[in-house]
Peer 1: 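The structure is given below, and queries will be raised subsequently.
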Amino acid sequence: MSGKASSSQPSIGLGGSGALSHVYIQYPPLHCSIPGLRGLHYDDGNRLLISSTSDQIFSWKTVPFDPLVTPTCDSVSEGPILRIRFSLDAKLIAVQRSSTEIEFYNRETKETFFQRCRSESENILGFFWTDCPLCDIVIVKTSGLDLFAYNSVSKSLDLVETRKSNVSWYVYTHESRLVLLASGMQCRTFTGFQLSSAGMIRLPKFEMAMAKPEVNSKPVLDAEDVYIVTVYGRIYCLQVDRVAMLLHSYRFYRDAVVQQGSLPIYSSKIAVSVVDNVLLVHQVNAKVVILYDIFADSRVPVSAPLPLLLRGFPRSYSSSRFRESENSEVNNTGESVIYGDNWTFLVPDLICDISNKRSWKIHLDLEAISASSSEVPSVLEFLQRRKLETYKAKQLCLGIVRTVILERRPVSVVARAIDVLVTSYSHSIKTGSYFKGLKNEKTSPSNVPNVNSPVSSTDVSTSRIDGLGKSIRHESAAGIDNESLNRSSTFSASESEDISSFEPKTNSNDLQLGGCKADRASLSGADSANEVHRSSLKYQLPGSSDSSINANIAEQQDSQLTSPAISPDEMYRFVFASVEEEMVGDPSYLVSIIVEFLRSANLEKIKIHPSLYVLTVQLLSRYERYAELGLFIINKILEPSKEVALQLLESGRQSIQTRKLGLDMLRQLSLHQDYVLLLVQDGYYREALRYAWKHKVTTVRPSLFLEATFASNDSQHLAAVLRFFSDFIPDFHNTADFNSYYRVLNEMKSSIAA
């Protein structure tokens, strides 16, 4: 899915005009503005941005991302700080003071203790907290892993296990509980461990590919060149090969690690982000970002390479004023300087400006991405896979389908687009993701993906520490595939049966969607049990007038809507009914599109609301296509329902055969009362009586028959009706209707005799 770049209309660049971009960061950033701060750290386990003064530690929550969030403060002793991490229960703070010492602070009792290397020949590369039942914290050293359990009684760490290995540097992601240890002369040999709630699992050792620049040259893999990301619930390790100018991908399986392919890179310095399962490869030197949706079979970028945009910067600020306070983002001309030297990308979607103590969150511009391609099915597939901005993705999908129908694109093109939406809806219903309720912003530590039992995953960070103590932090999410190694070695991961799902689990109650009232027919007779999910959300299609209101609605709906899937009822209300009002002339094209939708829904065994069938009857009847309408009914293209039957009766005023089809449908659906009433309205009250007697219809008011018979001015018929109800309804002769019409019958007989 690639094509021309499009303008992001809501964007406000530094120059005050819109800019071409598919990815943006939003002003203002999260600013660690406390005076005297030094250093900036990221705690991926608790999703905290951390900085410190000489004797205090300040931490800011990054999920949900709020630029105005208030920091928490903890007092510590003075000294050097290499890295900081809070325990998962937030009761302890671990501060690495040197390459041989870690100091621990109890936040409640204010007590401290130290953990030091036992040998002078080994150095601490880093550490991380875990909820593995074997231990509470893992310290990574040049000699391997030390697993410790916290002893709350003695206020110290007890050594549980040691895993010996020569380690140059390591990569760790908290949510996957996966740590990769780099070793060897070229740092290209990796040993992996997963420490999850299920225990500790060792992964197979593997080597990364590296091209040789010269015959006798052996390049060394740097920690900055390795990323761990999670895309669609699958762990990938991405490795930059600067010589070959490729980004190699490795996927983790239970019994192997397999290279899945490579992506080209166009800059000697790159960074990686993941936003809503879209892989963003930042070409830092070129100052552009390339998007990949690796769920698809193709390794073609989603869109053309475009710059990262700074959006929302107020126009009233002068460039000089901004330059004084944000000199890392703006050059001396006042224009945006993206990918500054002090920027650090935290996988999946954060950027840290180390020198200015600022953090930005990366966003996708779905509207710009969808407008940049003319391949409608591909665009819809891309939008249907989005989970962060589900409301916007749904709006865009509805608007795209509506547009291609109004433009009268070939039926085959529209049919493929419809197939995408119907298949997505069917899948969301089967997986229960169509409308789960409120999404949890943060997954509890117990929901840890592991090899034996893969579960939900969310955004976490990756820390890279080399042998010299250099720390590079990146954020990611991870989960190891629980499947054997029998997969093709391609970068694509479209084979859904091979995918381990890591959708976030929530404890919130499922929300029951309310019904939607149809515009063109009464739905009172619809069987709500057959409506799997009928959204009551009131969407505004793209192009609606009040964009600010739409933005507020979208933000609220995104907190509830967990899937952009479009239900058949929404297709009727926001596509077919809307399009029908704007299209003029022969309805053949629109009817053909509706038939394609019915075909696709039938293949997925999805229930269609009668409103769409009613619309089809109206379209064919309006242009007197009664023969085609009859074939649609006889061949069951239009499913029988009370609404359809009533519309056939309405349309049958100019076609006796069509009206007969409506009556037959009522009888077929065993809607005996409605059938009897229509017979009476048409004057066939004797046939109605026979039918009521045969099918024991006791809910029709006798007065309807008596009034119709009286209007015929036939005393014999009136006498027969009175006799029928006297026999059919107990104690009818004691009712007011009997007395009134019996008196009328006597008067009619008297007048005849006279």
Side-chain angles (χ1 to χ4, degrees), residues 517-527 572-573 576-595 598 608-692 694-695 697 699-714 717 721:
K517 186 177 181 180
D519 298 331
R520 300 181 176 275
S522 171
L523 306 188
S524 58
D527 183 4
Y572 163 73
R573 291 195 293 134
F576 295 118
S578 175
V579 164
E580 185 268 337
E581 294 176 355
E582 298 185 37
M583 297 187 73
V584 294
D586 194 334
S588 298
Y589 176 78
L590 183 54
V591 171
S592 299
I593 300 301
I594 293 176
V595 170
L598 299 178
I608 301 296
H609 196 275
S611 302
L612 186 57
Y613 298 131
V614 170
L615 176 61
T616 307
V617 174
Q618 290 174 335
L619 288 172
L620 293 174
S621 301
R622 189 177 303 160
Y623 292 88
E624 300 183 353
R625 309 279 281 274
Y626 297 114
E628 293 180 42
L629 178 57
L631 292 175
F632 275 42
I633 299 298
I634 295 172
N635 295 322
K636 303 293 184 181
I637 296 176
L638 303 181
E639 290 292 330
S641 68
K642 179 180 179 179
E643 291 80 8
V644 174
L646 295 178
Q647 184 59 51
L648 288 171
L649 292 169
E650 176 69 20
S651 302
R653 293 178 178 178
Q654 283 75 37
S655 172
I656 297 177
Q657 186 61 32
T658 300
R659 184 171 179 82
K660 184 178 183 302
L661 289 173
L663 289 170
D664 292 343
M665 186 174 292
L666 287 176
R667 190 167 60 248
Q668 175 188 349
L669 295 171
S670 299
L671 297 174
H672 304 309
Q673 177 180 338
D674 299 277
Y675 184 74
V676 169
L677 290 176
L678 285 167
L679 287 178
V680 173
Q681 290 176 11
D682 291 346
Y684 301 106
Y685 44 85
R686 285 186 295 180
E687 289 83 348
L689 287 174
R690 285 193 292 267
Y691 190 89
K694 179 179 180 181
H695 295 280
V697 181
T699 55
V700 179
R701 291 185 294 111
S703 59
L704 293 176
F705 291 87
L706 294 170
E707 290 172 1
T709 309
F710 174 71
S712 67
N713 200 29
D714 190 323
H717 288 174
V721 171

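Keep in mind it's a predicted model, so treat the numbers as computed, not measured.
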Peer 1: Show the nearest heavy-atom pair for residues P640 and M665, with the distance to one decimal.
Peer 2: CA-SD, 3.6 Å
Peer 1: State, to 0.1 Å, how close S651 and V617 come at their nearest heavy-atom pair, and which atoms those are.
Peer 2: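 Residues S651 and V617, closest heavy atoms: OG-CG1, 3.9 Å.
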Peer 1: Nearest 0.5 Å, please: how far is CZ in R653 from CG in L649?
Peer 2: 9.5 Å
Peer 1: So do I594 and L619 actually touch side chain to side chain, heavy atoms under 4.5 Å?
Peer 2: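 Yes, close enough: below the 4.5 Å cut-off.
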Peer 1: Kindly give the heavy-atom pair with the smallest separation between E639 and V644, and that separation in Å.
Peer 2: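 Answer, listing the atom of E639 first, then V644: O-CG2, 3.8 Å.
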Peer 1: With distance as the sole criterion, is a donor-acceptor pair present between the side chains of R625 and S588 under 3.5 Å?
Peer 2: yes
Peer 1: Mind checking what makes side chain to side chain contact (heavy atoms under 4.5 Å, CB included) contact with L671, not counting sequence neighbours?
Peer 2: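 Partners of L671 under the side chain to side chain contact (heavy atoms under 4.5 Å, CB included) test: K642, L666, L669, D674.
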Peer 1: Assess whether side-chain contact (heavy atoms from CB on, under 4.5 Å) is satisfied between H609 and R573, documenting all intermediate values.
Peer 2: CA-CA 11 Å; H609 196 275; R573 291 195 293 134; over 6 Å; no
Peer 1: Hey, what do you get for CG (L677) to NE2 (H672), rounding to the nearest 0.5 Å?
Peer 2: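 So the CG of L677 and the NE2 of H672 are separated by 13.0 Å.
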Peer 1: Enter the distance from L661:CG to Q668:CD here, rounded to the nearest 0.5 Å.
Peer 2: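 So the gap between those two atoms works out to 10.5 Å.
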Peer 1: How many angstroms lie between atom CD of E650 and atom OG1 of T658, to the nearest 0.5 angstrom?
Peer 2: 12.0 Å
Peer 1: Are Q618 and V614 packed together at the side-chain level, in the sense that at least one heavy-atom pair is separated by less than 4.5 angstrom?
Peer 2: yes
Peer 1: What is the minimum heavy-atom distance between I637 and Y613, and which atoms define it?
Peer 2: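 Here I637 and Y613 meet closest at O-CE2, 3.8 Å.
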Peer 1: Do T616 side-chain atoms and L612 backbone N/O form a donor-acceptor pair below 3.5 Å?
Peer 2: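 Checked: pair present.
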Peer 1: Working to the nearest 0.5 angstrom, can you tell me the gap between F576 CZ and L590 CG?
Peer 2: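 If I round to the nearest 0.5 Å, the distance is 7.0 Å.
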Peer 1: Please give me the minimum heavy-atom distance between S621 and Y626, naming the atom from each residue.
Peer 2: O-OH, 3.8 Å
Peer 1: Evaluate the side-chain proximity of R659 to L648: yes if any heavy-atom separation is below 4.5 Å, no if none is.
Peer 2: no
Peer 1: Quick check for you: to the nearest 0.5 Å, what is the distance between Q647 atom CD and L620 atom CG?
Peer 2: 11.0 Å
Peer 1: Once you measure the plane-to-plane angle for Y691 and Y675, does it fall in the parallel (<30°), tilted (30-60°) or perpendicular (>60°) bin?
Peer 2: tilted
Peer 1: For a 4.5 angstrom cut-off between non-hydrogen side-chain atoms, does Y623 reach D586?
Peer 2: no
Peer 1: Any salt bridge (charged side-chain N to carboxylate O under 4.0 Å, His left out) involving residues 608-619? Give me the pairs, sequence neighbours left out, ordered by first then second residue.
Peer 2: none
